[in-house]
Number of protein chains: 2
Amino acid sequence: MNCSKRVSSMQASPIRKLVPYATKAKQNGIKVYHLNIGQPDIKTPDGFYDVVKNFNEEVLAYATSEGMPELLEALQAYYKTYDMNFEKDELLITNGGSEALLFTMMAVCDPGDNILVAEPFYTNYNGFAQCVNVEINPVTTKAEEGFHLPSKDVVLSKVNDKTRAILLSNPGNPTGTVYTKEEIEMIAEIAKEKNLWIIADEVYREFVYDGLEYTSFGNIESVQDRVVIIDSVSKRYSACGARIGSIACKNKELIAQILKLCQGRLCVPTLEQLGAAELYKTPVSYFKEVNDEYKRRRDVLYNELMKVDGVICEKPTGAFYILAKLPVENAEDFVIWMLEEYNKDGETVMVTPAEGFYATPGLGKDEVRLAYIFKEEDLLKAAKTLADGLKKYMEIKK
Amino acid sequence: MNCSKRVSSMQASPIRKLVPYATKAKQNGIKVYHLNIGQPDIKTPDGFYDVVKNFNEEVLAYATSEGMPELLEALQAYYKTYDMNFEKDELLITNGGSEALLFTMMAVCDPGDNILVAEPFYTNYNGFAQCVNVEINPVTTKAEEGFHLPSKDVVLSKVNDKTRAILLSNPGNPTGTVYTKEEIEMIAEIAKEKNLWIIADEVYREFVYDGLEYTSFGNIESVQDRVVIIDSVSKRYSACGARIGSIACKNKELIAQILKLCQGRLCVPTLEQLGAAELYKTPVSYFKEVNDEYKRRRDVLYNELMKVDGVICEKPTGAFYILAKLPVENAEDFVIWMLEEYNKDGETVMVTPAEGFYATPGLGKDEVRLAYIFKEEDLLKAAKTLADGLKKYMEIKK
């Protein structure tokens, strides 16, 4: 029995495929610090659980396909605090940011079309695109330049007659890069000149450090007919397991088309939507506290990495990832070595090889992504262990 | 800004597109009995809510992509009661039966491939197929024959070199037809002869009346390498809002491929999975009670329909739908007339025109789907109102 080419040719998740090595290390009694996954340890706000636990209907019925009014209203109010004014029929609730991205790709691309994406990018963009026969058209960014965008000419040179959209995650996963206002405006100009959609993955919108200015595509007036904003409660409120995402777009025709996809899958879970509505009412002070925490963690991890000769990365200013170039030939070999051969006082560290975050073959081979999602004390231990392991590995490979 | 052809060409949900007429009737003070939607009024078993309300983790974290062990085990045990023995790595948990169907289509078909489907069929099959550029290849069944399958030769004549699978909902939605063992075996033979996958949508497995024998594709030994079973808690446990579905398949390669799609969207909601695990532990006596209730409802609705001259349908033996041929030229006009022009003592009835359940143009124009999802007393009133309206409509159109 044959499977389709579109799924057969998909790569396995680079974030998950080395998990068996970690499992084996643990079976051998080694403690593994997981810097490889973006699962935050921050407490989910109580409001979510309160609402879910007070649910009192006898029948757990379908919700409306576009999303429940409670959640749509809360999302509307949330956007208003950022000066983005969406009507209720300009919003759709989805099964996580994942479904929001998949549906948006389906709605703007036919098979063979492509989407411009700044690489390295969130690896699952690849999967969403491939399963609907859309191509990722990568615009390469570099560790040495803090993963900021190349010039307008370089970006323009990548646009071809099958290009339908530009997809940008801001702040970037896996780079932690916060794009400048000038970069956002450049992309907006290109989109207008080339008549492209802009898919703005802004799920890390609040995770911006060092007092940096953040520019959302939702605030660039001239492209509001072509901007699709993807959001999610997963990282924003540490509610990854709720799987509540959303699409916001002032182009009502696009929303009407995506609504057909939403109607096809009937609805998003009722309880999770009610809980998410409460999350979106969380006071802004919550983000301040969480940001302070993540900023401290970033500094701890970054400072330890910088103590190793040959590690290249600018200090990231957003999200909770560091993408670093290591002085190794093959980062995957190093990650496996850390799990199979190395430990310091019975402890080791797992990170993610970055090759899978690139579409251009050969790129990212010497890079890894690290997520700073632990409490400072543990993170410091993990960072020191990683730095020590890296030094030892370099000595062996010399 | 242009949307993709694949979404632009999708039809709006035939189940939902007439809702504005119902809304207007209600605004005019008319009570509308909704026989148009499959939302049961049966109480969701307490176990679901108990588990959700006792959830006690501080962080609502991602679950594993394939599904949580608690739910996979409960599902395994459920299948065992039907003599179907699935390993845990032969099961995947999905966002409703909807995602299970979408992922299965992606995994067995490339763009341009087709899937054989007995029509009339669950209308969202159309949407899932279209958004991934797969074609529905319809095998027509008829009201006069109780929507049973045509001969093997007729089915075989529809298979072409782009056909990858046969998709059958058993019991059928919208037909309520329970296929005989002979029909199931015929499909199995065709699948073997033509090397096709069998996608068995068995979400209504327990809703079989009149002591009829039910044959699952999961019990046909000779095709276990090619059968993909789609299930859901929505109708089975009246938990439509939980959005928990599943894929079961003994072809581990197919499961491995679909797992990549599952990993792409990370996971299904944690709380809903824990709740669904409890649902699958519901004692079998629950189904007996629920079935008795639905059987009574079916009889009430069927008997009233049969009192109208010219209505054609065999008594359905499964699910909770009746698909009836009406003595009208255009069922959609009749449905709209019932909402706009008709009422009996301030009450009217909404049903679903069946044209959208067919892929062959022109078919189903004089048919409607009715869902018997109310308590007997209300259903009787609704059925009598519908019958009265139909008679009046026929007089006017004479």
Side-chain angles (χ1 to χ4, degrees), chain A residues 1 3-8 10 12-13 16 39-44 48-49 52-53 55 58-63 95-96 98-99 106-111 124 127-128 131-133 197 225-226 238-243 251 253-254 257-258 260-261 263-272, chain B residues 1 3-8 10 12-13 16 39-44 48-49 52-53 55 58-63 95-96 98-99 106-111 124 127-128 131-133 197 225-226 238-243 251 253-254 257-258 260-261 263-272:
Chain A
M1 295 307 302
C3 295
S4 65
K5 287 189 205 83
R6 67 173 131 204
V7 298
S8 307
M10 276 172 71
S13 164
R16 297 182 181 235
Q39 170 60 59
D41 64 348
I42 306 283
K43 194 174 167 305
T44 311
F48 182 93
Y49 293 121
V52 167
K53 291 182 182 186
F55 185 78
E58 285 208 330
V59 181
L60 187 62
Y62 286 124
N95 284 301
S98 302
E99 191 184 65
M106 285 176 173
V108 305
C109 291
D110 281 305
N124 287 324
F128 303 141
C131 70
V132 295
N133 302 90
W197 293 95
D225 57 330
R226 62 180 75 242
S238 194
C240 299
R243 312 306 303 124
N251 186 315
E253 173 58 21
L254 184 80
Q257 294 297 343
I258 300 181
K260 291 196 268 184
L261 297 170
Q263 288 178 340
R265 57 78 165 126
L266 304 172
C267 70
V268 168
T270 305
L271 292 176
E272 312 292 339
Chain B
M1 297 306 302
C3 295
S4 65
K5 287 188 206 84
R6 67 172 130 204
V7 298
S8 306
M10 275 171 71
S13 164
R16 295 180 183 237
Q39 170 60 60
D41 64 347
I42 305 283
K43 195 172 169 306
T44 311
F48 181 94
Y49 293 122
V52 166
K53 292 183 181 187
F55 185 77
E58 284 208 330
V59 181
L60 187 61
Y62 286 123
N95 285 300
S98 302
E99 191 185 65
M106 283 176 174
V108 305
C109 290
D110 282 306
N124 288 324
F128 303 142
C131 69
V132 294
N133 303 90
W197 294 94
D225 57 328
R226 61 180 76 241
S238 193
C240 298
R243 314 305 304 126
N251 186 316
E253 173 58 19
L254 184 79
Q257 294 297 344
I258 300 181
K260 291 196 270 184
L261 297 170
Q263 288 178 339
R265 57 79 165 124
L266 306 171
C267 70
V268 168
T270 305
L271 293 177
E272 312 292 339

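Below, chain A is the first sequence line, B the second, and so on; all start at residue 1. These figures come from a predicted structure and were not determined experimentally. All values below were derived from every heavy atom in this structure, side-chain atoms included, with hydrogens, water molecules and symmetry-related copies excluded.
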Given heavy-atom pairs under 4.5 angstrom as the criterion, report whether the side chain, backbone, both or neither of [X] touches chain B.
X	value
A:Asp110	both
A:Phe128	side chain
A:Phe55	both
A:Val132	both
A:Thr270	both

Hey, which of B:Glu272, B:Glu99, B:Gln263 has the most heavy atom pairs under 4.5 Å with chain A?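 Highest number of pairs under 4.5 Å: B:Glu272.
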With respect to chain A, which residue among B:Gly127, B:Ala239, B:Pro111 yields the maximal number of heavy-atom pairs within a distance under 4.5 Å?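 Going by pairs under 4.5 Å, I would pick B:Pro111.
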Which region of [X], side chain (C-beta onward) or backbone (N, CA, C, O), has a non-hydrogen atom less than 4.5 Å from a non-hydrogen atom of chain A, or is it both or neither?
X	value
B:Ile258	neither
B:Asp225	both
B:Thr44	both

If you take all heavy atoms of [X] and [Y], which pair is closest and at what distance?
X	Y	answer
B:Ser238	A:Val59	OG-CG1, 3.8 Å
A:Pro269	B:Ala242	CG-O, 3.8 Å
A:Met10	B:Lys260	O-NZ, 2.6 Å

Quick check for you: among A:Ala63, A:Ser8, A:Gly241, A:Ser98, which has the greatest number of heavy-atom pairs under 4.5 Å with chain B?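 Result: the option with the highest number of such pairs is A:Gly241.
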Check whether any side-chain heavy atom of [X] sits under 4.5 Å from a side-chain heavy atom of [Y], and report yes or no.
X	Y	value
A:Gln257	B:Ser4	no
A:Glu253	B:Met1	no
B:Leu271	A:Leu271	no
B:Leu266	A:Arg243	yes

Check: A:Ala61 main-chain N/O paired with B:Gln39 side-chain donor or acceptor under 3.5 Å: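 Between the backbone of A:Ala61 and the side chain of B:Gln39 there is no qualifying donor-acceptor contact (under 3.5 Å).
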Taking atom NZ of B:Lys5 as the centre, report whether more than 12 heavy atoms of other residues, nucleotides or ligands fall under 6.0 Å from it.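 No, the 6.0 Å shell around NZ holds no more than 12 heavy atoms from other groups.
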Here the gap from B:Arg265 atom CZ to A:Cys131 atom SG, rounded to the nearest 0.5 Å, amounts to 11.5 Å
To the nearest 0.5 angstrom, please state how far the CG atom of B:Leu60 sits from the NZ atom of A:Lys43.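 If I round to the nearest 0.5 Å, the distance is 11.5 Å.
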